[in-house]
Amino acid sequence: MQAVEEKVPLRDRSGAQSGSRKPGAAGPQDKSSADGQPALLSATGLTESELSHGIGMDHDFHREEKVLPPSSLEGQAKETMHDAFWGHLKEQLSATPPDFSCALELLKEIKEILLSLLSPRQSRLRREVEEALAADRLQQEAARGDLDIFRLSKCILSMMTLLCAPVRDAAVQKLDSITDSTLLLRGIFQVLGLMKMDMRNYTLQSLQPHLREHSIQQERAQFQERLSRQPGLLDHITKWLSRAATDLRPGPGPGPDAPASSAAGPAPSEAASGPEPLSPAMVLSQAFLNLLLWDPEDQEFPETLLADRARLRELEAQLRRLTVLASVLLVAGSSSGSVLFGSPQFVDRLKRTTHALTEHFDSRPQEAMLAVSEQVSQEIQQSLKSMGLAALSSDSMAFLMGQLQDIAHAQNCVRSVVDQRVHLFLKCCLVLGVQRSLMGLPGGLTLIEAELAELGQRFVNITHHNQQVFGPYYTEILKTLVPPGQAPQAGVESL
């Protein structure tokens, strides 16, 4: 096989696994239009709105291989259908004379996939694919009965070696040891499916800066167009920011007309030592945090965040379950001592158990925590015995189960403290970034550090993109809420 005629700019092998390319691998540099949108939509299979907002907000927006559990009905049905198809192909190829009708269709599809992975500039490799898998020649060989499926499969593997991302090298090399033609074709199709996914992800990663800027400009222009027709669009945004400013100003507690987002608990800023000068950045951070406590009955949701309302609800549910998880670990740790919780395996087991049993916590909190109390206390007793330690007394077990069950109530003291600390962590993420906020986590949160990092990154992605799009509107409103003499220097400009 000859070398690829022209090589696209290479990416470091240390990059994202599904997006990294090797020498000679195709890249998405050639576009079918001036702005690249048609080529991108074709490569990714996504809608323009998904790309415009999703990629602009999610910094690691890519698709993963969907793996169905073998025990699931869908997984079993899919595997049965695949086995039947490849069994039928084996019968055709083993017949006398061989029947190549199904194999010809497969080779045609393989050719289309290989060509789709090539850049137009890779003309030499494109000619090789066209010649090796020319439909007319294959039809003639099949008619004569001398179509060599195994030889063609080996040729296809050579092409795949040149085109695949580094992460697929091992999978392609593994196929090279297969001697059965049917099994080899089946393996080729499986790896080609992964290579198509790699190309989609690589296309997204390569064009992400362009798409992000395009998304910002497009969303801002669309909002400005709506605003010119409906000047009142800024009303809910102004109220939302005003509430956040009120939350941060020292003084009496919220009045009877304050929304649930203000009255649900102390603001994270209250945990800080000493009052800080009010700044626009502080107000906007508090406003974003209040979105995670939004009353579903409150219809005055800021228009600039309507596209992310479903994502914010998911984050709110994730935050609540993390708060419950950390509370369970705190209570269990205080009852069982440091020996058990010094074992990462034991902690991971408790986390998996709690996560599974609290899946429906929002709808049935007391039922969920009853199950958690029974299972966690049992895990603790069994682990203590297996380590040769004294088991908990019946009174201690009853006390532990009661404390765990009480976490079902939002007013539970442990849960309230954890909730405040998680909100404070999220506020730090908005100001310092996720990695710096993970340094020196307060007590009770260190055991859920990985989960907090994921939550914080998702929250930062949403708020950062929103601020980039609508920052100019927020700045003008905040100038009226935080007078220049009251705000620190450059406070408004820092947005």
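Because only heavy atoms are used, hydrogens play no part in the values below, and waters and symmetry mates are left out as well, while side chains stay in.
- Each of H464, R458, Q457 was compared with N461 under the side chain to side chain donor-acceptor pair (under 3.5 Å) criterion, and only Q457 meets it.
- Each of V418, L330, L329, T323 was compared with L445 under the side chain to side chain contact (heavy atoms under 4.5 Å, CB included) criterion, and only V418 meets it.
- Checking R212 against Q468 by side-chain atom types alone, no donor-acceptor pair falls below 3.5 Å.
- The closest side-chain heavy-atom distance from L322 to V422 is not below 4.5 Å.
- Between the D198 side chain and the C164 main chain, no donor and acceptor come within less than 3.5 Å of each other.
- The side-chain heavy atoms of L152 and I110, taken from C-beta on, include no pair separated by under 4.5 Å.
- At a cut-off of 3.5 Å, with distance as the only test, a side-chain donor of Q217 or E213 sits close to an acceptor on the other residue.
- Using a distance-only test at 3.5 Å, with no hydrogens or angles considered, no donor-acceptor pair links the side chain of T354 to the main chain of K351.
- With hydrogens and angles ignored, the 3.5 Å screen pairs no side-chain donor or acceptor of K196 with any backbone N or O of S116.
- The closest donor-acceptor contact from the side chain of S334 to the backbone of V331 lies under 3.5 Å.
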* To do: Verify side-chain contact (heavy atoms from CB on, under 4.5 Å) between L93 and F100, making sure each step is shown before the conclusion.
  => CA-CA 7 Å; L93 296 180; F100 294 110; 3.8 Å; yes
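- S335 places no side-chain N or O within 3.5 Å of a backbone atom of A332 that could act as its donor or acceptor partner.
- Remark: the Q140 side chain and the D136 side chain contain no N/O donor-acceptor pair separated by less than 3.5 Å.
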